[in-house]
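Report on one structure; see the data block that follows.
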Amino acid sequence: MTFTLQYLNSKEEECEIELSVSYSIYNDGIGPYEYWGQKCFDKGNPCVEIEEITYDKETLSVEDVSIIESAIESEMENIIQKCFDDSVVEREPDRSE
């Protein structure tokens with residue numbers, strides 16, 4: 001998945017960079033279980049795990065890379081939400097018929 005990040009570079013100019021985000025979706029539930037003789041089921045919740053975030057660093061200064069890394073940290077919640085949203089769209093059946 002790609003994510004466009006906007007940031008101010010070391011010269012205080014507004015810039016954008018394309019991030020390539022690899023992630024996985026998993027369920028945190030444990031499924032069926034028994035507790036004190038009662039049979040239960042924990043369906044859990046879908047969760048996103050960010051595996052790797054990459055971008056082109058070749059033309060960037062060390063200062064700009066540091067700025068981008070800080071911007072990624074501050075935008076991590078939005079990145080995770082976009083990954084989750086993309087995942088839900090992929091799994092929904094096509095109802096256009």
Side-chain angles (χ1 to χ4, degrees):
M1 193 234 358
T2 58
F3 185 84
T4 303
L5 179 71
Q6 297 178 341
Y7 67 98
L8 292 176
N9 66 8
S10 57
K11 299 173 186 170
E12 297 295 320
E13 299 169 337
E14 235 179 87
C15 298
E16 286 186 350
I17 191 161
E18 196 81 13
L19 305 175
S20 178
V21 181
S22 60
Y23 65 96
S24 61
I25 301 288
Y26 66 94
N27 188 301
D28 66 354
I30 60 172
Y33 67 97
E34 189 171 330
Y35 184 71
W36 288 55
Q38 184 174 356
K39 295 185 187 286
C40 303
F41 187 83
D42 177 17
K43 71 176 187 169
N45 298 302
C47 300
V48 174
E49 181 177 337
I50 302 294
E51 295 167 355
E52 185 178 31
I53 297 177
T54 57
Y55 55 95
D56 185 16
K57 298 178 184 178
E58 288 182 24
T59 60
L60 300 171
S61 68
V62 174
E63 293 170 328
D64 286 341
V65 170
S66 176
I67 291 169
I68 291 170
E69 293 295 327
S70 295
I72 289 172
E73 283 182 34
S74 67
E75 287 292 314
M76 189 57 73
E77 194 171 310
N78 293 332
I79 293 170
I80 290 171
Q81 186 62 49
K82 187 170 189 295
C83 293
F84 184 76
D85 292 346
D86 283 356
S87 157
V88 170
V89 169
E90 289 174 7
R91 289 185 280 143
E92 285 184 357
D94 183 20
R95 296 189 174 126
S96 61
E97 296 177 358

>> Restricting to side chain to side chain contact (heavy atoms under 4.5 Å, CB included), what partner residues turn up for Ser66, sequence neighbours left out?
In response: none
> Got a sec: does the CD of Glu51 have more than 12 other heavy atoms crowding it under 6.0 Å?
Replying inline: yes
>> Let me confirm one number: the CD1-SG distance from Ile25 to Cys47, rounded to the nearest 0.5 Å.
In response: 8.5 Å
> To the nearest 0.5 Å, how far apart are NZ in Lys57 and CG in Asp64?
Replying inline: 12.5 Å
> Quick one: does Asn45's side chain have a donor or acceptor within less than 3.5 Å of a partner on Asp28's backbone?
Replying inline: no
> Is any side-chain heavy atom of Ile72 less than 4.5 Å from a side-chain heavy atom of Tyr55?
Replying inline: yes
> Just wondering, do Leu8 and Glu14 contact through their side chains at under 4.5 Å, heavy atoms?
Replying inline: yes
>> So which atom in Asn9 and which in Cys15 form the shortest heavy-atom distance, rounded to 0.1 Å?
In response: ND2-SG, 3.4 Å
> Looking at Phe41, does the NZ or CZ of Lys43 lie under 6.0 angstrom from its six-membered ring centre and within 45 degrees of the ring axis?
Replying inline: no
>> Within a 6.0 Å radius of atom CD on Glu18, are there more than 12 heavy atoms belonging to other residues, nucleotides or ligands?
In response: yes
> Are Val21 and Tyr26 co-members of a hydrophobic cluster defined by side-chain heavy atoms under 4.5 Å apart?
Replying inline: no
> Does Val62 share a hydrophobic cluster with Ile67, counting links as ILVMFWY side-chain heavy atoms below 4.5 Å and allowing steps through other members?
Replying inline: no
> More than 12 foreign heavy atoms under 6.0 Å from CD of Gln38: is that the case here?
Replying inline: no
> Roughly how far, to the nearest 0.5 Å, is OH of Tyr7 from CD1 of Ile17?
Replying inline: 5.0 Å
> Could you state the interatomic distance from OG (Ser22) to CD1 (Ile50), rounded to the nearest 0.5 Å?
Replying inline: 8.0 Å
Would you list the atom pairs, donor with acceptor, under 3.5 Å between side chains in residues 74-84 and any protein atom, with sequence neighbours excluded?
from  : atom 1 : to    : atom 2 : distance (Å)
Ser74 : OG     : Ala71 : O      : 2.9
Glu75 : OE1    : Asn78 : ND2    : 2.7
Gln81 : NE2    : Asp85 : OD1    : 2.8
Lys82 : NZ     : Thr2  : O      : 3.3

